[in-house]
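Computed from a predicted model, the values in this text were never measured in an experiment.
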Amino acid sequence: MRDDGFGNRPRAVRGGSRPRLEPPRGAPAPSGALAPAFVLNVYKEVSWTSHDAVGRVRRILDLKQVGHAGSLDPLAAGVLLVAVGRATKVVSHLMALPKSYRGTLRFGRRTTTGDGGGEMVAEGPVPQAGLEALQAAAARFHGTVLQVPPMVSALKQDGERLYDLARRGIEVDRAPRPVRSDRFTITGVDLPRVDFELDCGRGTYVRTLAEDLAAEFGTVAFVESLVRTRVGKFSIEDSCRLISPPGSERAGLSQLGISLGEALSHLDSVRVDARWIHRLRQGGVPPWNNLTFNSKPEIGSVVRLVGPEGELIALASLDLLPGPADRPIEHACALRLERVI
């Protein structure tokens, strides 16, 4: 059966060179006005929880469908990406972005929370280490390292958040998890305080890193102050405050919205032929000969499907199919729609 140019062909072809087409996971919104879909680069204030920031955005915009892309501790400040409307459906792709921090740790004390908000539970000596020795110790945490998640983290164990267990005085064993530290630099020393900067991947606990650094010198430490300076390309300099105009007002905050196309620009783009745009918006999967790749995609990755003007239409994954490893990509994987925007 031949393709009529508009996708009317069998969904799967066994054998031969045609791609295997999979049903979409997402579906387009119903006819009528679409809900908003944008991202905000919000400055989370000290003492706010990430949920507090989300709640404030909901009240300012008078919208319920709001979520954040990665918690920031109450005693930390800085960049928090907030998804509004239909943008909440793709928040997982924002959570995977690398993050940057600057902060201060204090040697000689350990707290229940790993930061200044907890009760002191242990004391230790303040190491008489200079900048060079501290830099050398910090360098040992570059790359992929194993971390034991703190009890005050949001991870679940047997269906319960660790921080909920911690509030009830329950401590459970936690398996070490691999995390990535791209840059851990000591920027200043005024013992017992040490200033640092950190670039890291998703799931890295800064308070645990401070405790692990202290253990290198046979002592304890906690994070005294912390600011998230960047998430992906979104910097603290461009973040908006929710406590003053324009971010505290509905019109002003709406104008600060970042389009999904820009927010997800870290994903590779694939251009879809103009004649396929309507079918794609309805959940159809374009055949390979109607796609133009800007670069060689990575099998298993998620890509942006864009129109002739670069407008974001959908997200799709490139799922590996069984068979020889040396096949062209159009024979080696299935294009599966993740979400129609």
When you compare the side chain of [Y] with that of [X], does any pair of heavy atoms fall below 4.5 Å?
X: Leu131; Y: Ile186; value: yes
X: Ser254; Y: Leu61; value: yes
X: Val272; Y: Val306; value: no
X: Val79; Y: Val227; value: no
X: Ser248; Y: Arg56; value: no
X: Tyr101; Y: Thr229; value: no
X: Phe234; Y: Leu80; value: no
X: Asp115; Y: Leu226; value: no

How close do [X] and [Y] get, counting heavy atoms only, and between which atoms?
X: Ala210; Y: Val223; answer: CB-CG2, 3.8 Å
X: Ser50; Y: Gly70; answer: OG-O, 4.5 Å
X: Arg304; Y: Leu267; answer: NE-O, 2.9 Å
X: Pro127; Y: Thr219; answer: CD-CG2, 3.8 Å
X: Trp276; Y: Gly284; answer: CZ3-C, 3.7 Å
X: Thr144; Y: Pro178; answer: CG2-CB, 4.0 Å

Linking I/L/V/M/F/W/Y whenever any side-chain heavy atoms sit under 4.5 Å apart, do [X] and [Y] land together?
X: Val84; Y: Leu312; answer: no
X: Leu315; Y: Leu81; answer: yes
X: Leu213; Y: Val145; answer: no
X: Ile60; Y: Val54; answer: yes
X: Leu256; Y: Val231; answer: no

**Study point:** Derivation and outcome, side-chain contact (heavy atoms from CB on, under 4.5 Å), residues Leu209 and Phe184
**Key:** CA-CA 9 Å; Leu209 194 60; Phe184 185 26; 3.8 Å; yes
Has the side chain of [X] got a donor or acceptor atom that lies under 3.5 Å from a matching backbone atom of [Y]?
X: Arg86; Y: Ile341; value: yes
X: Glu309; Y: Gly307; value: no
X: His93; Y: Leu264; value: no
X: Arg193; Y: Leu105; value: no
X: Arg207; Y: Thr113; value: yes
X: Lys89; Y: Gly85; value: no
X: Ser225; Y: Gly103; value: no
X: Arg58; Y: Val66; value: yes
X: Thr204; Y: Cys200; value: no
X: Arg102; Y: Leu198; value: no

Review point. Below 6.0 angstrom between ring centroids: does that apply to Phe293 and Trp288?
Key: yes
Check your understanding: Going through the distances and angles, do Asn41 and Ser239 end up as a side-chain hydrogen bond (donor to acceptor under 3.5 Å, both in side chains)?
Key -> CA-CA 5 Å; Asn41 176 1; Ser239 63; 4.6 Å; no
Interatomic distance, [X] atom [atom1] to [Y] atom [atom2] [nearest 0.5 angstrom]:
X: Arg281; Y: Arg279; atom1: CZ; atom2: CZ; answer: 14.0 Å
X: Ser100; Y: Asp182; atom1: OG; atom2: CG; answer: 8.5 Å
X: Leu337; Y: Leu280; atom1: CG; atom2: CG; answer: 6.0 Å
X: Thr208; Y: Phe141; atom1: OG1; atom2: CZ; answer: 11.0 Å
X: Phe107; Y: Leu191; atom1: CZ; atom2: CG; answer: 7.5 Å
X: Gln255; Y: Cys240; atom1: CD; atom2: SG; answer: 12.0 Å

Cut-off 3.5 Å, side chains only: do [X] and [Y] have a donor facing an acceptor?
X: Lys233; Y: Ser265; answer: yes
X: Thr88; Y: Gln65; answer: yes
X: Thr187; Y: Glu197; answer: no
X: Ser269; Y: Asn294; answer: yes

Review point. Does the cation-pi check pass for Arg106 over Phe222, that is, NZ or CZ under 6.0 Å from the six-membered ring centre and within 45° of its axis?
Key: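 The answer is no; the distance or angle limit is not met.
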Practice item. Could you tell me whether His51 atom NE2 has more than 12 heavy atoms of other residues or ligands within 6.0 Å of it? Key: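 Counting neighbours around NE2 of His51, 12 or fewer heavy atoms of other residues, nucleotides or ligands fall under 6.0 Å, so no.
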Review point. Is it true that atom CD of Glu311 has more than 12 heavy atoms of other residues, nucleotides or ligands lying nearer than 6.0 Å?
Key: yes
Practice item. Could you go through the side-chain contact (heavy atoms from CB on, under 4.5 Å) check for Val179 and Tyr205 one step at a time? Key: CA-CA 9 Å; Val179 297; Tyr205 293 101; 5.7 Å; no
Practice item. State whether Arg110 and Glu123 are salt-bridged, where the test is any N-O pair (Lys NZ or Arg NE/NH1/NH2 against Asp/Glu carboxylate O) under 4.0 Å. Key: no
Practice item. Please test Leu40 against Leu253 for side-chain contact (heavy atoms from CB on, under 4.5 Å), starting from the C-alpha separation and ending with a verdict. Key: CA-CA 8 Å; Leu40 293 167; Leu253 190 58; 3.9 Å; yes
Exercise for review: Starting from the C-alpha separation in whole Å, work towards a yes-or-no answer on side-chain contact (heavy atoms from CB on, under 4.5 Å) for Lys99 and Arg230.
Suggested key: CA-CA 6 Å; Lys99 300 171 178 64; Arg230 184 175 296 273; over 6 Å; no
